[in-house]
Amino acid sequence: MASKLYYAVAPLLLVVLLLAPLSSARLPAADDDEQWPAGGDRGRKVGGRTAVEDVEGNREVQELGLFCVVEHNRRGGSATRGRGLVFSRVMAAQTQVVAGIKYYLRIAAREADDELVFDAVVVVKAWVPSREMVSFVPAAELPGY
């Protein structure tokens, strides 16, 4: 009986002894700034939106804005006076990691002599490669970006 108990306990004891040194490894504390990368991602929610820095200098974001305006015109979204929108620039952008990257864009576009502002959502799946405009609507009065 004792030999059966030994064979049952010995592997567990071996695992505990092998893992014991690992338990002394320390993770950086939340207030330990030296251990976290610069800018640390502390406080950022998984799946939350993140502001894009230097939007006007970000070529990818500007190309996505142009794509949205072209796609809007292709779908017949701007039928006034028979002309479509002309892309000006992306004014603000946010990203969100989903099944790909979802871009929330605030786009300035011209129609005739008016500059209009639109909010667009685009999902980019780099591994496919594909990009899909999910929405393109006039911007709300209150800035959401």
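Please read all numbers here as calculations on a predicted model, not as lab measurements.
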Could you go through Val123 and Val134, starting from their C-alpha distance and side-chain angles, then the distance that decides it, and tell me whether this counts as side-chain contact (heavy atoms from CB on, under 4.5 Å)?
CA-CA 7 Å; Val123 177; Val134 177; 3.8 Å; yes
Assess the residue pair Asp119 and Tyr104 against the criterion (side-chain contact (heavy atoms from CB on, under 4.5 Å)); give the C-alpha distance rounded to whole Å, side-chain angles, the decisive distance to 0.1 Å, and a yes or no.
CA-CA 7 Å; Asp119 289 333; Tyr104 297 87; over 6 Å; no
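Rounding to the nearest 0.5 angstrom, the gap separating the CG atom in Leu105 from the CZ atom in Phe136 is 9.5 Å.
Cluster annotation: Val117 and Leu64 are assigned to distinct hydrophobic clusters (Ile/Leu/Val/Met/Phe/Trp/Tyr, side-chain heavy-atom contacts under 4.5 Å, transitive). Under a hydrophobic-cluster definition in which Ile, Leu, Val, Met, Phe, Trp and Tyr are linked whenever side-chain heavy atoms come within less than 4.5 Å, directly or via other members, Val52 and Met91 are assigned to different clusters.
For Ile101, the side-chain contact (heavy atoms from CB on, under 4.5 Å) test picks out Thr95, Tyr103, with sequence neighbours left out. Residues passing the side-chain hydrogen bond (donor to acceptor under 3.5 Å, both in side chains) test with Glu132, sequence neighbours excluded: none. Residues satisfying the side-chain contact (heavy atoms from CB on, under 4.5 Å) criterion with Val70, sequence neighbours excluded, are Leu66.
Between Lys125 and Gly100, the shortest heavy-atom contact is CG-CA, 4.4 Å. In terms of heavy atoms, Glu53 sits closest to Asn58 at O-ND2, 4.5 Å. Nearest heavy-atom pair, Met133 versus Cys68, reported as atom, atom and distance to 0.1 Å: SD-O, 3.5 Å. Across Asn73 and Gly84, no two heavy atoms sit closer than the pair OD1-CA, 3.5 Å. Of all heavy-atom pairs spanning Ala109 and Leu85, the tightest one is CB-CB, 4.2 Å. Across all non-hydrogen atoms, the minimal contact from Ala93 to Val55 is N-CG2, 3.8 Å.
Grouping Ile, Leu, Val, Met, Phe, Trp and Tyr residues whose side-chain heavy atoms lie under 4.5 Å apart, directly or via other members, leaves Val97 alone, with no other cluster members.
Judged as a salt bridge (Lys or Arg N to Asp or Glu O under 4.0 Å), the pairs with a partner in residues 62-75 (not counting sequence neighbours) are, in order, Arg59-Glu63, Glu71-Arg74, Glu71-Arg75. Sorted by first then second residue, the salt bridge (Lys or Arg N to Asp or Glu O under 4.0 Å) pairs that include residues 89-98, not counting sequence neighbours, are Glu56-Arg89, Arg89-Glu115.
With hydrogens and angles disregarded, a donor-acceptor distance shorter than 3.5 Å links the side chain of Gln62 to the backbone of Val90.
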